[in-house]
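Read through the structure below, which is laid out as structure tokens, and then see the notes.
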Amino acid sequence: MKAFYLMIVSALISTSVLANTVDQRLQEYSTQGGKNFSADAGKAMWSREFKSAEDGKLRACTTCHSGDLRKSGRHAVTGKVIDPMSPAVNKDRLTDAEKIEKWFGRNCKWTYGRECTAQEKGDFLKFIQSQ
Amino acid sequence: MKTQLKLISLASLLLLGSQAALADNDYVAKPKGDKAKTYLFKATDDKYLKECGACHFAYQPGLLPAVSWEKVMGNLSNHFGENAELPEKDVVYIRNYLLDNAAGRVDARLSNSIMKNHDAKQPPLRITELTSFKRHHDELNDKMVKNNPEVKSFARCDACHTRASEASFRESEVRVPGFGRWED
């Protein structure tokens with residue numbers, strides 16, 4: 001019995017920071033109306049192209065981040081290398097809530113011309129986490 | 001009495017003279033123009049380097065007048081076609097850092113020359129629009145920059161200036177990708 005409880009406790013303790021940050025985000029998105037977050041939905045959105053009101057060109061997440069999240073991307077204008085999004089390859093990904101929200105704010109506005117909804121953010125996190 | 005007066009005036013002269021011994025990047029009332037000790041101060045603030053170096057070269061604050069930096073920081077949602085928004089506390093912090101270290105606020109040769117030559121009526125938004133910048137880069141052609149896939153834009157200082165992050169832009173350090181060392 002003791003061994004069983006010890007196992008449970010150590011499993012709980014060893015929960016990675018990654019899972020904590022994402023879970024916290026998902027919980028917050030739930031309070032904002034998101035539910036049944038899905039990696040498939042996130043994946044579909046990742047490569048969907050939207051026409052920019054600013055310059056008429058098509059934009060997608062893949063414009064700067066690669067379609068393969070284990071690979072590096074490049075900033076479309078400056079050429080600066082963007083480290084892989086996959087937490088399996090890049091252990092800094094999805095560990096900083098402020099950073100997640102900052103980039104959602106900027107990139108959704110740049111790509112879609114609007115903020116992402118809580119549903120979309122949750123789907124994206126599920127997708128990135130799965131890669 | 002007279003000797004005391006002499007001593008007091010000598011002491012005050014020495015005190016005034018010691019103004020010159022202030023650290024170079026203290027705000028100085030009389031910049032030394034092209035006699036300033038430092039060419040350009042490095043960008044050292046960690047938050048600035050992290051936030052403003054995430055997508056492009058972290059331009060040294062001394063490369064633009066304070067009013068230009070103010071304009072940039074006031075329009076982050078449209079930052080040269082990108083959205084570079086930040087939490088308000090970070091905007092305030094970085095704005096203060098840029099303004100405190102802008103050309104005209106520090107005593108460095110390049111910063112002083114930028115202030116001397118810039119169009120005060122229409123301060124540029126881009127470093128590449130500065131009179132000083134254009135003068136220094138007027139011998140380059142599109143083949144080396146705009147149409148060079150490894151450079152693409154003058155905004156990418158560190159594409160050619162091998163020690164740009166050290167605030168060093170000497171001609172001897174320039175290597176244009178695909179063309180080699182700058183020889184003239």
Side-chain angles (χ1 to χ4, degrees), chain A residues 21 24-25 28 45 49-66 71-85 90-117 120-121 124 128, chain B residues 43 46-60 63 72-95 125-128 144-162 164-165 175-178:
Chain A
T21 307
Q24 277 167 24
R25 293 288 90 220
E28 176 154 328
M45 195 67 165
E49 290 180 317
F50 290 75
K51 198 167 185 191
S52 155
E54 281 158 12
D55 62 9
K57 295 199 188 134
L58 291 171
R59 296 176 181 179
C61 307
T62 49
T63 306
C64 296
H65 299 290
S66 69
K71 296 213 174 93
S72 296
R74 292 203 87 152
H75 191 282
V77 174
T78 66
K80 179 106 186 227
V81 171
I82 301 170
D83 291 334
M85 290 304 293
N90 182 349
K91 58 180 172 56
D92 288 334
R93 290 305 186 193
L94 303 186
T95 58
D96 182 343
E98 208 180 277
K99 187 172 175 181
I100 290 171
E101 293 307 321
K102 178 180 84 181
W103 286 107
F104 268 144
R106 291 175 175 182
N107 292 346
C108 291
K109 285 185 199 169
W110 186 83
T111 313
Y112 307 136
R114 59 166 176 85
E115 297 257 25
C116 281
T117 64
E120 287 164 340
K121 289 188 200 175
F124 277 133
I128 295 167
Chain B
D46 283 333
K47 191 180 275 286
Y48 174 71
L49 291 169
K50 178 178 159 215
E51 298 295 351
C52 307
C55 301
H56 59 59
F57 174 69
Y59 307 107
Q60 287 82 12
L63 290 173
V72 168
M73 293 306 292
N75 200 13
L76 289 178
S77 58
N78 184 2
H79 182 64
F80 305 104
E82 302 286 319
N83 186 310
E85 282 178 312
L86 282 166
E88 187 61 23
K89 61 173 171 65
D90 290 341
V91 175
V92 170
Y93 181 94
I94 290 174
R95 185 178 168 276
L125 222 44
R126 296 171 189 267
I127 293 165
T128 53
M144 291 186 167
V145 182
K146 213 170 77 174
N147 300 329
N148 184 343
E150 289 177 86
V151 181
K152 294 207 272 188
S153 159
F154 277 113
R156 302 182 58 208
C157 313
D158 51 345
C160 301
H161 287 279
T162 55
S165 55
R175 308 261 183 292
V176 181

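- Separating the NZ atom in K109(A) from the CD atom in E82(B) is a distance of 14.0 Å, to the nearest 0.5 Å.
- Note that CD of E85(B) and NZ of K102(A) are 12.0 Å apart. Values are rounded to the nearest 0.5 Å.
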Tabulate below the donor-acceptor pairs under 3.5 Å that side-chain atoms of residues 74-81 of chain B make, not counting sequence neighbours, or state none.
from   : atom 1 : to     : atom 2 : distance (Å)
N78(B) : OD1    : G81(B) : N      : 3.1

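- A donor-acceptor contact shorter than 3.5 Å is absent between the side chain of K152(B) and the backbone of V77(A).
- C108(A) pairs by the disulfide (SG to SG under 2.5 Å) definition with C116(A), not counting sequence neighbours.
- Contacts of E98(A) with chain B are made by side-chain atoms alone, with heavy-atom separations under 4.5 Å and no backbone atom involved.
- One distance of note links CZ of R74(A) with SG of C55(B); it measures 13.0 Å at 0.5 Å rounding.
- The two residues T78(A) and R156(B) make their nearest non-hydrogen contact at O-NE, 2.9 Å.
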